[in-house]
Amino acid sequence: MWGGRFAEGPAAIMREINASIPFDKALWRQDIAASKAHVAMLGACAIVSSEDAVAIERGLDQVAAEYERDGVPENWDLEDIHMTTESRLAELIGAAAGRLHTARSRNDQVATDFRLWVRDAIDQADASLAALQRALVNRAAEHAGSIMPGFTHLQTAQPVTLGHHLMAYYEMLRRDRSRFYDARVRLNECPLGSAALAGTGFPVDREMTAQALGFDRPTANSLDAVSDRDFALDYLSAAAQCALHLSRLAEEFVIWASQPFGFVRMPDSLSTGSSIMPQKKNPDAAELVRGHSGRIVGALTALMVTMKGLPLAYSKDMQDDKPPVFEAAGLLGLSLAAMTGMVAEAEFRTDRMRQAAELGYATATDLADWLVRTAGLPFREAHHVTGAAVKLAEEKGVALDALSLADLRAIDRRIGEGVFAALSVEASVAARDSHGGTAPEQVRKRIAEARRALGMDS
Ligand code: ARG
């Protein structure tokens, strides 16, 4: 299509390095939609005749029907989805096809198509995140009072409830959704009409195309519009943070499913066996979610480095913007679906969790708190006394609340009978009823708010 100036065809290597059709054919729906909006505007503004505009629109519908039926043909000579579609349109409707590209360049065209694609990806991510949140909230409601050890440094710290633990991920995903939402707001401006870089001399109506494609307004600067890929970086950066959260949750499942922990039985549907060890049931889906997060972060890095240092306006480097975004979107969708299935179907072994909470001196802080509250010790001193009690319990191989009152009084005479009520794991979680704390009461309150926010009650 630009052969007029060239004496010979491109060398084979040029043809291959130049072609983006192998990946940008994924943009075909957006490319057809944007072309239809553009030509309808050209007709309405009398830049092309209404007969030609109608012929082009019908032809584009036919091309779309062919793509839908047979897939997009991959001819490297046609470089990309834009030229592939225009060339097929010319075969179908003849010379009028050549008017479609009036007042347009592939630079504003691809920027528009790609924004539309990323906008859909954001909407899909939001819907999948909401589904995972609903699964978390359901399981949290089931286990608002189920006690497990809470960890710091992966060492038993204080008892928490499984519901509280699951709701922590609800909060992370809530922030992820708000990052995607922000990205969508900034993305939603239409580059069409910026043409190659400087705008166009044709009397176009940019409001009209922006509106037809669901954008809030046209972009304000043509140089920026054709060379801006912030919207893709915003999407990838939201996706990367989301993937980090999923990978942390996946890691918890991997640890919990390991036999020494035994906190969870993974659903068969999301596990695999071993080809040599018959007893094995491996948490492969969780491990792959953990692994995929690395690739999603890699996609963000790849596009950042591609964009770094590019002068205005369009440079061909920017053709490399699509593969990382497509890859990240695919991996994120799979990861969200896998984690939703895992959360919904995992069998939580609350008996094992409770046992672990009782074995790990998880209520030592409660003993110290009791000494402060009831016996009036300064916290530092209470911490010291409690340390001695834990040491003694460890020597005797028993839980804290299995020490006798005489044992405890030998450590500090201010300890009284009432202490035992504070040392059970139930008492410990019930006591942590500060806003956002692990007390079942607090957890249920937050679950109720989450259900309302997710529209689960209507
Ligand atoms: N295939 C190109 C891309 O994805 C389309 C834009 C080409 N523009 C140009 N001036 N060669 O970026």
Side-chain angles (χ1 to χ4, degrees), residues 1-6 9-35 37-38 60 63 67 72-90 97-98 100-121 187 190-200 209 213 219 221-233 235-236 299 302-329:
M1 290 199 182
W2 36 254
R5 190 175 167 277
F6 291 78
I13 189 71
M14 184 58 214
R15 213 170 140 258
E16 185 168 352
I17 200 171
N18 202 35
S20 56
I21 187 68
F23 54 86
D24 70 15
K25 61 185 183 178
L27 293 176
W28 75 261
R29 287 172 204 282
Q30 291 75 16
D31 195 62
I32 298 273
S35 285
H38 179 66
L60 286 168
V63 176
Y67 287 170
V72 179
E74 224 181 271
N75 176 355
W76 289 358
D77 288 324
L78 294 173
E79 274 190 47
D80 56 27
I81 183 62
H82 323 295
M83 310 252 261
T84 300
T85 299
E86 194 180 321
S87 132
R88 180 63 187 143
L89 184 68
L100 168 61
H101 215 51
T102 315
R104 187 176 76 169
S105 151
R106 277 186 294 159
N107 296 348
D108 60 342
Q109 188 179 359
V110 74
T112 304
D113 294 358
F114 198 26
R115 277 186 195 238
L116 291 171
W117 195 95
V118 171
R119 195 174 68 186
D120 285 347
L187 165 150
C190 185
L192 270 187
S194 302
L197 74 164
T200 173
T209 38
L213 294 168
T219 51
N221 180 303
S222 60
L223 289 166
D224 177 47
V226 295
S227 59
D228 165 33
R229 294 295 182 271
D230 289 6
F231 63 90
L233 289 169
Y235 167 75
L236 286 174
L303 185 53
M304 282 188 157
V305 178
T306 295
M307 294 307 294
K308 177 190 168 298
L310 289 188
L312 294 181
Y314 177 88
S315 297
K316 197 67 174 241
D317 316 42
M318 292 167 68
Q319 178 164 285
D320 281 343
D321 56 359
K322 288 160 221 75
V325 170
F326 293 163
E327 183 183 36

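Just so you know, ligand 1 is whichever comes first in the structure, and atom 1 is the first atom listed for that ligand.
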Practice task
Take every heavy atom of K322, measure it against each atom of ligand 1, and state whether any distance is under 4.0 Å.
Solution key: yes
Practice task
In sequence, state the C-alpha distance, the side-chain angles, and the governing distance for L197 and N107, and then conclude on side chain to side chain contact (heavy atoms under 4.5 Å, CB included).
Solution key: CA-CA 8 Å; L197 74 164; N107 296 348; 5.6 Å; no
Problem - Nearest option to atom 11 (N) of ligand 1, as decided by whichever heavy atom of H82, M318, R106, Q109 sits closest - result: R106
Practice task
Considering the heavy atoms of S20, write down every atom of ligand 1 situated less than 4.0 Å from one of them.
Solution key: 1 (N)
Handout entry: Under 4.0 Å to a heavy atom of D80 - the qualifying atoms of ligand 1, by number
Key = 1 (N), 2 (C), 5 (C)
Completion exercise
Closest to atom 8 (N) of ligand 1 among protein heavy atoms sits N107 OD1, 2.9 Å
Practice task
Check the pair R106, E79 against side chain to side chain contact (heavy atoms under 4.5 Å, CB included), reporting the backbone distance first and the verdict last.
Solution key: CA-CA 12 Å; R106 277 186 294 159; E79 274 190 47; 3.0 Å; yes
Exercise for the section: Could you pull out the closest heavy-atom pair between V325 and L236, with the gap in Å? Expected result: CG2-CD1, 3.9 Å
Problem - Criterion salt bridge (Lys or Arg N to Asp or Glu O under 4.0 Å) on D228 and R115, from CA distance to verdict - result: CA-CA 10 Å; D228 165 33; R115 277 186 195 238; 2.9 Å; yes
Fill in the blank from the handout: Nearest non-hydrogen protein atom to atom 2 (C) of ligand 1, with distance, is Q319 OE1, 3.2 Å
Handout entry: Contacting atoms of ligand 1, where contact means under 4.0 angstrom from a heavy atom of V110
Key = 4 (O)
Fill in the blank from the handout: If you compare F23, F114, Y314 by their heavy atoms, the one closest to atom 3 (C) of ligand 1 turns out to be Y314
Problem - For the student: nearest non-hydrogen atoms of S227 and Y314, plus distance - result: CB-N, 4.1 Å
Problem - Closest approach of Q319 to F23 (non-hydrogen atoms, all atoms of both residues) - result: O-CE1, 3.6 Å
